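Here the structure comes first, spelled out in structure tokens, and everything after it is commentary.
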Amino acid sequence: MFERFTEGARRAVVQAREEAAGLGHGHIGTEHLLLAVLAQPEDPAAAVLVEAGLDHATARQAVRRLLGEGGDAQALASIGVDLDAVRDAVESVFGAGALDAPAEEPESRRRGWFRSDAKGGRVPFTARARKVLELSLRESLRLKSGHIAVGHLLLGVIREGEGLGAKVIADHGLDSAALRRAIEAKTG
């Protein structure tokens, strides 16, 4: 599927990892894909959001408000999940170190769009972010495009509709149906 991605869409996927790392998050979610799209304001699809008042800085501030900065532990704690208690419970059943990251795989065994973070661990896409990538392909096919562009990624975020990327858009007061039409007109 990734061979169909335009250079801008490939940059956006790589940028999503950088956005996650910059916020201290151990995953790549729909919010990071949205931030990555907005990091390319010259792209016609991203320009639709920017013209509607949702730029990269505004979206990043919204993600910080929703998830915080400094990692998943803080985000989970904000919804009442105590990671120390989870670790203790898992280790009591499966043994000490059961949740520790596995040893680094050799470079030759890595596949796909997972990349190592600064500590050598993988930064996985969330299920919703993987769904956005799948939906971007479907949007491309629906629009009879021969490629997947940044606009298709953005359409995937909107179509998925449940992730934090869509929440940031909705919380900004933007109408997803109107956005879809504007993005489709610019993406083709």
Side-chain angles (χ1 to χ4, degrees), residues 1-23 25-67 72 75 79 111-115 123-188:
M1 173 169 103
F2 292 108
E3 62 275 358
R4 292 184 181 202
F5 277 51
T6 63
E7 182 59 34
R10 287 175 192 249
R11 267 194 321 272
V13 172
V14 171
Q15 179 68 29
R17 182 187 65 75
E18 293 171 9
E19 295 288 345
L23 288 166
H25 299 156
H27 67 279
I28 301 168
T30 62
E31 65 277 15
H32 304 113
L33 290 168
L34 175 63
L35 289 172
V37 166
L38 289 168
Q40 299 182 50
E42 71 285 352
D43 184 273
V48 169
L49 288 177
V50 172
E51 290 166 9
L54 183 59
D55 61 9
H56 185 268
T58 303
R60 190 172 172 96
Q61 184 177 18
V63 170
R64 279 188 182 129
R65 180 179 43 80
L66 293 167
L67 281 185
D72 299 328
I79 60 169
R111 292 192 183 125
W113 285 79
F114 294 103
R115 298 289 187 256
V123 181
F125 286 88
T126 63
R128 289 189 191 282
R130 287 191 308 270
K131 184 68 173 180
V132 165
L133 296 176
E134 175 190 326
L135 291 171
S136 69
L137 171 62
R138 291 184 185 192
E139 291 292 334
S140 172
L141 294 172
R142 184 180 65 79
L143 295 170
K144 297 180 174 52
S145 300
H147 59 275
I148 299 170
V150 172
H152 299 115
L153 288 172
L154 187 50
L155 289 170
V157 168
I158 294 167
R159 184 170 169 186
E160 187 276 331
E162 300 287 322
L164 287 179
K167 181 168 178 42
V168 168
I169 291 169
D171 286 356
H172 198 68
L174 302 178
D175 176 46
S176 61
L179 279 177
R180 284 187 66 79
R181 287 189 299 273
I183 294 164
E184 287 172 1
K186 300 223 178 194
T187 300

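Position 1 is the first residue of the sequence, and the numbers go up from there. As the structure is a computational prediction, the values presented were derived from the model and not from experiment.
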Open item on the list: Under a plain distance cut-off of 3.5 Å, with no hydrogens placed, do Ser145 and His152 share a side-chain donor-acceptor pair?
Closed with: yes
Donor-acceptor under 3.5 Å ([X] side chain, [Y] main chain):
X      : Y      : value
Arg130 : Phe125 : yes
His172 : Ile169 : no
Thr30  : Gly165 : yes
Ser136 : Gly156 : no

Compare every heavy atom of [Y] with every heavy atom of [X], then report the nearest pair and how far apart it is.
X      : Y      : value
Ala16  : Ile28  : CB-CG2, 3.8 Å
Val48  : Ala182 : CG1-CB, 3.7 Å
Ala149 : Ala9   : C-CB, 3.9 Å
Gly151 : Ala45  : CA-CB, 3.3 Å
Ala36  : Ala12  : CB-O, 3.0 Å

Going by heavy atoms in the side chains, are [X] and [Y] under 4.5 Å from each other?
X      : Y      : result
Leu23  : Arg60  : yes
Leu49  : Leu34  : yes
Arg17  : His32  : no
Val157 : Glu31  : no
Ile148 : Leu133 : no
Phe5   : Leu137 : no
Leu143 : Leu155 : yes

Task: Electrostatic pair Glu134-Arg138, nearest N-O below 4.0 angstrom - done: yes
Quick check for you: to the nearest 0.5 Å, what is the distance between [X] atom [atom1] and [Y] atom [atom2]?
X     : Y      : atom1 : atom2 : result
Leu33 : Leu164 : CG    : CG    : 11.5 Å
Arg10 : Leu153 : CZ    : CG    : 11.5 Å
Leu35 : Leu38  : CG    : CG    : 6.5 Å

Task: Inter- and intrachain pairs under salt bridge (charged side-chain N to carboxylate O under 4.0 Å, His left out), touching residues 146-169, at least two apart - done: Arg128-Glu160, Glu139-Arg159, Lys167-Asp171
Task: Set of salt bridge (charged side-chain N to carboxylate O under 4.0 Å, His left out) partners for Arg181, sequence neighbours left out - done: none
Task: Test log, rule side chain to side chain contact (heavy atoms under 4.5 Å, CB included), inputs Thr58 and Val168 - done: CA-CA 9 Å; Thr58 303; Val168 168; over 6 Å; no
Task: Sequence neighbours excluded - side chain to side chain donor-acceptor pair (under 3.5 Å) pairs with any residue from residues 34-48 - done: Arg11-Gln40
TODO: Applying side chain to side chain donor-acceptor pair (under 3.5 Å), run through His56 and Gln61 and close with a yes or a no.
DONE: CA-CA 9 Å; His56 185 268; Gln61 184 177 18; over 6 Å; no
